[in-house]
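Here's the structure we're looking at; comments come further down.
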Amino acid sequence: MNLLDEVGDAAVAHKVAHAVDTARLEARLRGLAAHGAVATGTGGGVARQALSAHELAARRWLVQPFAQRPGYRIGIDTAANVFVRRDGQESKLSPVMTGSHIDTQPLGGWLDGAFGVAAGLEVFDALDRLGLRTRRPIDVAMWTNEEGSRFAPGLMGSVAFTSPQRLDAFLGVRDGEGLCFEAARDAAVDDLRGEAQRLGWAWMDDTPLARPVHCYVEAHIEQGPVLEAEGLQVGCVTAIQGVRWFRITVAGRSAHAGTTPPASRDDAQAKAVRMAHALLEHAALCGDDRLRLTIGRWECSPGSINTIADRVVFTVDARHPEAAALDAVRLLIDTALPAGGQVEVLQDKPTVRFDAALASLAREACIALQLSHREMLSGAFHDAMPLAGFCPTAMLFAPSRAGVSHHPDEDTPIDDLAACTRALAWCLARLAGPLVSSTPNEPSKD
Ligand code: HGY
Ligand code: MN
Ligand code: MN
């Protein structure tokens with residue numbers, strides 16, 4: 001069966017797209033940003049790490065308006081992924097899925113991930129306003145721990161959903177305070193289930209990992225400079241570049257900073273700095289500006305101003321569309337590693353390409369809605385990365401102001417966010433169609 005065999009009517013999809021309400025979308029995004037808001041930056045900084053109290057509160061806040069609305073149910077799976085299900089006319093059919101993540105970097109922006117979830121929920125409000133019931137159900141997913149900054153690796157929720165056998169290894173991962181992912185996951189599941197029981201929410205009883213999904217379309221901010229530089233409204237994403245994360249441990253021997261002569265020093269800091277310098281020089285001098293190499297975290301012990309370091313642990317995030325370029329980084333890591341050093345691979349995801357039919361539907365949406373657009377590669381990874389190996393998958397990007405992301409200044413003009421949401425609405429309405437009318441129910445002004 002071809003994905004596009006049964007798409008809904010383009011004219012109706014057009015109506016759904018134009019029922020997207022910019023003010024309502026912004027209100028939801030601003031309300032979400034209040035969960036973990038940090039008063040810095042132009043767009044509004046947010047500190048809402050995976051499965052933190054702020055994120056659990058944000059999950060409850062987002063689903064609550066739909067939890068008692070006719071035709072909706074809420075669910076959570078064993079990876080603590082949250083779903084808002086909009087029932088379809090044929091509720092046994094596998095759902096069209098959209099969504100993203102609402103966890104942020106330790107100090108991130110208000111749109112990374114949040115935009116894709118808010119856009120999906122805005123499509124629900126648009127369908128409700130028109131009183132339309134789609135043939136297939138539609139799910140908005142809030143994937144657990146996309147960022148990987150609190151618990152490494154990233155994409156834990158969407159990887160566990162698409163490859164359930166991977167969950168066990170994630171459960172034992174600990175954050176900086178020593179709390180394991182399993183405990184945070186259990187608390188998140190209990191928190192949402194408890195709220196559902198307390199308030200009598202309509203609940204999705206059956207949300208196993210790897211349940212069938214008809215297709216997945218994710219809206220996200222670009223987090224880079226391309227769309228804004230070219231003055232375009234939407235990016236039709238064709239692929240996500242490969243990413244590898246390494247944790248490198250360099251050992252030394254602590255000793256007195258003042259009395260230990262150079263010849264008898266075993267200085268972990270000096271050795272780690274030399275290795276880091278070799279990696280950064282490679283990135284700067286290899287002549288390939290598609291290579292992205294970042295040393296993001298650097299911890300040393302004992303961390304005293306007048307004691308030679310006996311241990312340094314630092315991370316490397318390497319990205320490139322071609323595996324050979326990432327292999328070259330790995331080779332350099334192995335050759336530059338000082339004796340006694342250790343390399344752990346925290347994440348290794350090859351480049352994924354999206355479903356061609358779905359990518360062309362995304363372009364069709366932009367043409368139908370007269371949105372300026374281009375095809376592009378994603379420099380950032382997203383939950384669509386594991387979904388791409390599980391079901392037909394595509395992404396839509398909204399521009400990022402000055403290409404800034406993973407920073408409090410992350411921002412996008414709301415009209416651009418609304419335009420991308422209209423393209424998403426058009427795609428979802430067609431993919432979950434054909435649409436049938438039902439009783440219009442104006443979404444309550446939540
Ligand atoms: O790191 C990434 O690419 C994503 O934004 N978490
Ligand atoms: Mn993201
Ligand atoms: Mn991110």
List the steps, then state whether side chain to side chain contact (heavy atoms under 4.5 Å, CB included) holds for Ile74 with Trp203. CA-CA 5 Å; Ile74 309 300; Trp203 194 251; 4.0 Å; yes
Stepwise ring-ring contact (aromatic ring centres under 6.0 Å, His included) test for Phe390 and Phe161: CA-CA 9 Å; Phe390 180 75; Phe161 180 84; 5.5 Å; yes
What do the steps show when you test Arg28 against Glu26 for side chain to side chain contact (heavy atoms under 4.5 Å, CB included), and what is the final call? CA-CA 5 Å; Arg28 182 168 277 127; Glu26 179 167 20; over 6 Å; no
Candidate pair Arg319 and Asp317, rule salt bridge (Lys or Arg N to Asp or Glu O under 4.0 Å), full reasoning: CA-CA 7 Å; Arg319 318 248 183 145; Asp317 173 321; 2.7 Å; yes
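Looking at heavy atoms from C-beta onward, Glu375 lies out of side-chain contact with Val237 at the 4.5 angstrom threshold. For the pair Pro137 and Arg86, the minimum side-chain heavy-atom distance is 4.5 Å or more. Contact annotation: the side chain of Lys15 approaches that of Leu130 to within less than 4.5 Å [non-hydrogen atoms, C-beta and beyond]. The side-chain heavy atoms of Asp191 and Arg60, taken from C-beta on, include a pair separated by under 4.5 Å. Two residues are said to be in side-chain contact when any heavy atoms from C-beta on lie closer than 4.5 Å; Val316 and Thr294 fail this criterion. A heavy-atom distance below 4.5 Å is found between the side chains of Met156 and Val173. Using a 4.5 Å heavy-atom threshold, the side chains of Trp110 and Leu32 count as separate. Using a 4.5 Å cut-off on side-chain heavy atoms (C-beta onward), Val234 and Asp416 make no contact.
Looking at Thr144 and Arg59, their side chains do bring a donor and an acceptor atom within 3.5 Å of each other. Between the side chains of Gln105 and Asp112, no donor N or O sits under 3.5 Å from an acceptor N or O. Side chain to side chain, Ser100 and Glu218 meet the donor-acceptor criterion of an N or O pair below 3.5 Å. In this model, a donor atom of one side chain and an acceptor atom of the other lie less than 3.5 Å apart for Glu147 and His406. Judged purely by distance below 3.5 Å, without hydrogens or angles, the side chains of Arg136 and Ser94 pair a donor atom with an acceptor atom. Side-chain contact annotation: Asp383 with Ser158, donor-acceptor N/O pair under 3.5 Å present. Looking at Asp128 and Tyr72, their side chains do bring a donor and an acceptor atom within 3.5 Å of each other. Gln89 and Thr134 form no side-chain donor-acceptor contact under 3.5 Å, judged by distance and modelled atom types alone.
Cation-pi contact between Arg69 and Phe124: absent, since separation from the ring centre below 6.0 Å together with deviation from the ring axis within 45° is not met.
Counting only distance, with no hydrogens or angles, the side chain of Glu195 and the backbone of Leu199 share no donor-acceptor pair below 3.5 Å. In this structure, His320 contributes its side chain and Glu322 its backbone to a donor-acceptor pair below 3.5 Å. Within the 3.5 Å criterion, the main-chain N or O of Leu387 finds a donor-acceptor partner in the side chain of Thr393. At distances below 3.5 Å, not a single donor-acceptor pair connects side-chain atoms of Glu344 with backbone N or O atoms of Ile248. No donor-acceptor distance shorter than 3.5 angstrom exists from the side chain of Thr315 to the backbone of Arg247, with no hydrogens or angles considered. Put simply, the side chain of His373 gets close to the backbone of Leu371: a donor and an acceptor are under 3.5 Å apart. Listed for the Asp355 side chain is a donor-acceptor partner under 3.5 Å among the backbone atoms of Ala357. A donor-acceptor pair under 3.5 Å is absent between the side-chain atoms of Ser52 and the main chain of Ala50, judged by distance alone. Side-chain N or O atoms of Asn145 include one that pairs as donor or acceptor with a backbone N or O of Phe151 at under 3.5 Å. Proximity of a side-chain donor or acceptor of Ser372 to a complementary backbone N or O of Leu232 within less than 3.5 Å is not detected.
The distance from the CZ atom of Phe354 to the OG atom of Ser360 is 14.5 Å, given to the nearest 0.5 Å. Here the CG atom belonging to Leu417 is positioned 8.0 Å from the CD1 atom belonging to Ile221, to the nearest 0.5 angstrom. With values rounded to the nearest 0.5 angstrom, Asp77 atom CG is found 9.5 Å from Arg185 atom CZ.
Taking the centre of each ring, His101 and His220 come in below the 6.0 Å mark.
Using a cut-off of 4.0 Å between Lys/Arg side-chain N and Asp/Glu carboxylate O, Glu410 and Arg401 are scored as not salt-bridged. A salt bridge does not link Arg48 to Glu55: none of the charged nitrogens lies less than 4.0 Å from a carboxylate oxygen. Ion pairing between Asp327 and Arg244 holds under the 4.0 Å rule for side-chain N and carboxylate O. Between Asp334 and Arg330 there is a salt bridge, since a side-chain N of the basic residue sits under 4.0 Å from a carboxylate O of the acidic one.
Within 6.0 Å of CZ on Arg211 lie more than 12 heavy atoms contributed by other residues, nucleotides or ligands. Heavy-atom contacts from other residues, nucleotides or ligands closer than 6.0 Å to CZ of Arg297 number 12 or fewer. The environment of CD in Gln165 is crowded: more than 12 heavy-atom neighbours from other residues, nucleotides or ligands sit within 6.0 Å.
Relative orientation of the Trp143 and Tyr216 rings is perpendicular, given thresholds of 30° and 60° on the angle between their planes. Ring orientation note: the planes of Trp61 and His35 are tilted relative to one another, at an angle of 30° to 60°.
Here the options are Thr104, Asp175, Asp103, the test is side chain to side chain donor-acceptor pair (under 3.5 Å), and the partner is Arg150; only Asp175 passes.
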